[in-house]
Amino acid sequence: MNEQLRGEVIARSRELGFDLCRFARADAPPHGEEFRQWLDDGRAGEMGYLARNAPKRLAPEKVLPGVKTIAILGQNYFQGDDGEQTNIRPRGRIARYAWGDDYHHAVEEKLGALAKFLGEHGGEQKYYVDTGPILERDFAAVAGAGWQGKNTMLLNRAFGNWLFLSEILTTLEFAPDPSARDYCGKCTRCLDACPTGALTAAHQLDARLCISYLTIELKGAIPVELRPLMGDRIYGCDECLDVCPWNRFAQTSRDARFSLPPGIAAMDLRDFLALDDDQFRLLFRRSPIKRTKRRGFLRNVCVALGNVGTAADLPSLRRAAVDPEPLIGEHARWAIAQIEGRMQNIESKRKAGVIG
């Protein structure tokens, strides 16, 4: 094992903008059997790709023959309290990771440069940014990049929840880092905060109930019974992350590309409903939000308006109700009914003298 090269890799990762670099042996992931059972229980919902490449996720050797080491890279994306205040308005909440540029592209460029550096020293590599058949949080925990919290996310003492994870599989052998201990203790804030009960127990997630799944991975209609629980969230959900006490140590990212663009931050929910396909693609051309396409994103916007909208939003929703895309139209009509129901309830209370 080359300790000098190990140090050079870590130094190079820092130069490229990564906030941590750790190493794990390319053994079978420690929670492989739990992952397989999770799939068998149907908790992955419509994410069929997880089952299709499950054999590779359980054996890194099937991803890269001869692999000896998995280098875990982390980049902080927390944008500080100013960014948080920008997101706390009835304009539709977006998960922090999706505020700015698509992290897949932003991180992949520097990850490729690091993989090239390893190649210059005789290694064969494959690298991924949340795209490959790797149980990356398992290996990140093994490498001591953090520990898996009760919300199933990786927690780091210095950065809280806010790390983009990526990894390089290499045929080079590096000494592994020690794993980190679990610092969650008796805390259950993340479990208690989940709006839909998707965190069914510590370290147990039913993706079919998760707002991130519902607003991003689910391609069809959002179950009616879950819509009122989504609040004003239009892409992803940070609820179980925001409440974590470890975030009090979170540091502002060095990379401003992950901040919410002013043009998007200034938009009211109903403004999104006016976007046609070309306008949607232009507005979110650099954002991970583009993966939902217009139909999925406006579906989410309609649900949010159904939960927090007012009479002022009805004209926009009525136009959306006759959108050529049936998915948007159905959710817009649901939202209209929700708002009108609230208005009727307020009027009934006014007539009864319950409110002035």
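Being a predicted model, the structure only gives us computed values, none of them experimental.
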Practice task
Please check if atom CD in Q4 has more than 12 non-hydrogen atoms from other residues, nucleotides or ligands closer than 6.0 Å.
Solution key: no
Problem - Candidate list L64, I134, V63, test side chain to side chain contact (heavy atoms under 4.5 Å, CB included), partner K56, passing option - result: V63
Problem - Evaluation steps, side chain to side chain contact (heavy atoms under 4.5 Å, CB included), between F23 and V9 - result: CA-CA 11 Å; F23 299 90; V9 172; 4.0 Å; yes
Exercise for the section: Check the surroundings of atom NZ in K290: do more than 12 heavy atoms from other residues, nucleotides or ligands lie under 6.0 Å from it? Expected result: yes
Fill in the blank from the handout: Rounding to 0.5 Å, atoms NZ (K150) and OG1 (T188) come to a distance of 6.5 Å
Exercise for the section: Could you give me the CA-CA distance, side-chain angles and deciding distance for R318 and E340, then say whether salt bridge (Lys or Arg N to Asp or Glu O under 4.0 Å) is met? Expected result: CA-CA 12 Å; R318 289 181 177 128; E340 290 179 341; 3.0 Å; yes
Problem - Donor-acceptor pair, side chain of E120 and main chain of A115, under 3.5 angstrom - result: no
Practice task
On the 0 to 90° scale, with breaks at 30° and 60°, tag the H121-F117 ring pair as parallel, tilted or perpendicular.
Solution key: tilted
Exercise for the section: Under the side chain to side chain contact (heavy atoms under 4.5 Å, CB included) rule, what do W38 and H31 come out as? Steps first, then yes or no, please. Expected result: CA-CA 10 Å; W38 183 78; H31 295 101; over 6 Å; no
Exercise for the section: Quick one: sort the F284 and F297 rings into parallel, tilted or perpendicular, breaks at 30° and 60°. Expected result: perpendicular
Practice task
Assess the side chains of N161 and N247: does a donor N or O sit below 3.5 Å from an acceptor N or O?
Solution key: yes
Practice task
Assess whether atom CZ of R257 is packed by more than 12 heavy atoms of other residues, nucleotides or ligands within 6.0 Å.
Solution key: yes
Practice task
Check whether more than 12 heavy atoms from other residues, nucleotides or ligands sit under 6.0 Å from atom CD of E109, and answer yes or no.
Solution key: no
Practice task
Determine yes or no for a side-chain-to-main-chain donor-acceptor pair under 3.5 angstrom, with T292 supplying the side chain and I216 the backbone.
Solution key: no
Problem - Polar contact flag, side-chain donor to acceptor under 3.5 angstrom, E173-T69 - result: no
Exercise for the section: Fit a plane to each ring of F164 and Y103, take the angle between them on a 0 to 90° scale, and name the class: parallel (under 30°), tilted (30 to 60°) or perpendicular (over 60°). Expected result: parallel
Practice task
Can you establish whether the number of heavy atoms outside K116 located under 6.0 Å from its atom NZ is more than 12?
Solution key: no
Problem - M153 reachable from Y213 in the ILVMFWY side-chain graph, under 4.5 Å edges - result: no
Fill in the blank from the handout: From the list R254, R14, Q75, side-chain hydrogen bond (donor to acceptor under 3.5 Å, both in side chains) with D19 holds only for R254
